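Remember, it's a predicted structure, so these values are computed and weren't measured experimentally. Here is the naming used below: chain letters follow the sequence lines, and residue numbers restart at 1 for every chain.
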Amino acid sequence: MHILVRSSDTGGVLVWPVSDTGTAVSAPEGSLSDEAFAAYVRQQERHAPRWVWDDTATWYPRLLARGVRIGRCHDLRLAHAILRLSTLAAESALARADPDDWQMAAAGSGNPALFDLGDGRDIAEWFRLQQEAVAGSRAPGRLRLLLAAESAGALAAAEMRFAGLPWRRDVHERLLAAELGPRAPHGIRPERLERLAMRIREALGTPALNPDSPAELLKALTDAGLSTASTRAFELRRLEHPVIEPLLEYKKRARLLSANGWAWLDAWVTAGRFHPEYVPGGVVTGRWAAHGGGALQLPKQVRGAVVADPGWKLVVADAAQLEPRMLAGVAGDRAMADAGRGTDLYAGIVAGGVVETRQQAKSAMLGAMYGATTGRSAQVLPRLAAAYPRALAAVEAAARAGERGESVTTRLGRSSPRPNATWRLAQAHASEAQATPADERRARSQAREWGRFTRNFIVQGSAAEWALCWLAEIRNRLWNLDLPHETANGRSAAPFRARPHLVFFLHDEVIVHTPAALADQVADLVREAAGQAGRLLFGEFPVDFPLSARIVDDYAEAT
DNA sequence: AAAGAGAGCGCG
DNA sequence: AAAGCGCGCTCTCTTT
């Protein structure tokens, strides 16, 4: 059973049950207040319906705030983005519709007028078209799984934002004081940082230098006789000069101050929790993005401030070498899957005699997935290609398709966007008679660039799908855990306060915050979920997805 | 005063 | 001369 949800013209909420194909089985209930809506949802959850709404990020927080957790949903906006592009559903009415028809819908927001598309089509029609696109596609099972996983991810994202990542302000502040000195007003350098700035100015003989200005700094370095094209730390490390050491120190600490300093703490941490906004589907490949607080870029430096509550633990798990394993699965490469069986995949490649060192195996694999053409990784690539021809053929085919301007598709059916008009024009122009060699060169370079994108897309995008399935499985299993002394009523009243729950997700890594007594059980469940995710994507094809799952008090311990 | 580009660096 | 993929955030500097 599906239950459609939308805003009414009067600002209330309309709900009405529909069949799986999108046909209404009863008339909408009268317009509900937020409170009544939450009560309705809580009551209907006993029948485990799938809630169908435009945008999980606008609907679900309103339920969570009232203590209501749901099991399943269908996020029309996220599904729309997938179905419009998927090559598997290219013949559907949805995919073939004029983009203008969907402009409003795709924009997404809580706007009640959103689905009044002007000619009688509304949210039910939108849902019906999506169901029809899936059912009539070349791989309904895969697309159905993808949409379910994408929507489950959106639920998990809202829940993680609601629950927040445990964050100890005092621990973070101690770290800042040690690295930077006492807190200074915004715009003033803290003491330890200013001292480093002074050492830099002295070493370069430039008393007025602002080391935060790349332009000034580059000029000062050049004037001091240092030859460098940029002020990037990576470049500076290769130079010999008294200024290098304090400069690198300065850069590291200045970064800490600006990205995760006191201002960050004030803005993002309240009541011992960091509440970032995750954006499911925010990356073309299907990975999540994040808004605010840089949730997906938390430096290792500050992870010690992520501390479990007293009596609780963090279960930190990440998938080992996810992307190359994904490639083995996507390509159906048995030899590569065998190399990764129950072990470090890169070590397995070495053990197979393909290359000599783990580092070689790793950079060759990354080179294959990213499209390296020069450097050390490109040198060992031929050996990889000889040992794992199917895997390498898969990424090569994806690259060639991209170079031709075609789209490529992940395991479950997310397709890459086509290159834009400028790109196409440049390609077309390059093959005309009056094209200059420069035109041809530029076109070729852009074609290769797009080819590197599509090459990586099938791997990164399929890995994102695995991760979504993993996350969804963890979410379900956590909710189904039988807790001692818990009544069904208590469970719904406080969705996460007393139960193990997800608090962080980072592409191939999750953190669960759990009562200490349940930590072992949670770690097992997280591992089982990984196995299940692998089976969902690849059936009986024997590719492993081993995890490192650690039970710790703080996040820094796990890395 | 605000918006945008570029540099740089954090994460996978 | 070109250069392995995908992001977000902050700062400086320029443009509007």
Proximal nucleotide (of [options]) relative to the [X] side chain:
X	options	answer
A:Leu366	C:dG4, B:dC11, C:dG8	C:dG4
A:Arg232	B:dG8, C:dC9, C:dT12	B:dG8
A:Ser258	C:dT10, C:dA3, B:dC11	C:dT10
A:Ala372	C:dG4, B:dC11, B:dG8	C:dG4
A:His186	B:dG12, C:dG4, C:dC11	C:dC11
A:Arg255	B:dG10, B:dC11, C:dA3	B:dG10
A:Lys251	C:dG4, B:dG8, C:dG6	B:dG8
A:Val284	C:dG6, C:dT12, C:dC9	C:dG6
A:Phe453	C:dG6, C:dT12, B:dC11	C:dG6
A:Asp212	C:dA3, B:dG12, C:dC11	C:dC11

With a non-hydrogen cut-off below 4.0 angstrom, is [X] in contact with a base, only sugar-phosphate, or nothing?
X	value
A:Thr231	sugar-phosphate
A:Lys252	nothing
A:Gly375	nothing
A:Arg287	base
A:Ser377	base
A:Val459	nothing
A:Arg303	sugar-phosphate
A:Ala254	nothing
A:Leu298	sugar-phosphate

Any [X] side-chain N or O less than 4.0 Å from OP1/OP2 of [N]:
X	N	result
A:Thr285	C:dC7	no
A:Asn260	B:dG10	no
A:Thr374	C:dG4	yes
A:Ser213	C:dC13	yes
A:Lys219	C:dT12	no

Note: [X]-[Y] ion pair, threshold 4.0 Å (strictly below):
X	Y	answer
A:Arg199	A:Glu249	no
A:Arg183	A:Asp266	yes
A:Glu191	A:Arg195	yes
A:Arg287	A:Glu323	yes

To the nearest angstrom, how far is [X] atom [atom1] from [N] atom [atom2]?
X	N	atom1	atom2	value
A:Tyr250	C:dT10	OH	C1'	12 Å
A:Arg452	C:dG6	CZ	P	9 Å
A:Asn210	C:dC13	CG	C1'	12 Å
A:Lys300	B:dC11	NZ	P	5 Å
A:Lys362	C:dC5	NZ	P	17 Å

| field | Along DNA chain C (nearest heavy atom to each residue), the more 5'-positioned of A:His507 and A:Arg441 | value | A:Arg441
| task | Take A:Arg535 and A:Gln532 through the test side chain to side chain donor-acceptor pair (under 3.5 Å) and record every step on the way to the result. | result | CA-CA 5 Å; A:Arg535 285 187 292 279; A:Gln532 180 61 17; 3.2 Å; yes
| query | More than 12 non-hydrogen atoms from neighbouring residues, nucleotides or ligands closer than 6.0 Å to CD on A:Glu240, yes or no? | reply | no
| field | CZ/A:Arg424: more than 12 non-hydrogen atoms of other groups inside 6.0 Å | value | yes
| message | Only pairs with both distances under 3.5 Å count, Watson-Crick or wobble alike; so what is the partner of C:dT12 in this structure? | response | B:dA5
| task | Give none if C:dA2 has no partner; otherwise give the nucleotide forming a Watson-Crick or G-U wobble pair with it, both distances under 3.5 Å. | result | none
| Does A:Arg455 get its side chain close enough to the base of C:dG4, under 3.5 Å, for a donor-acceptor pair? | no
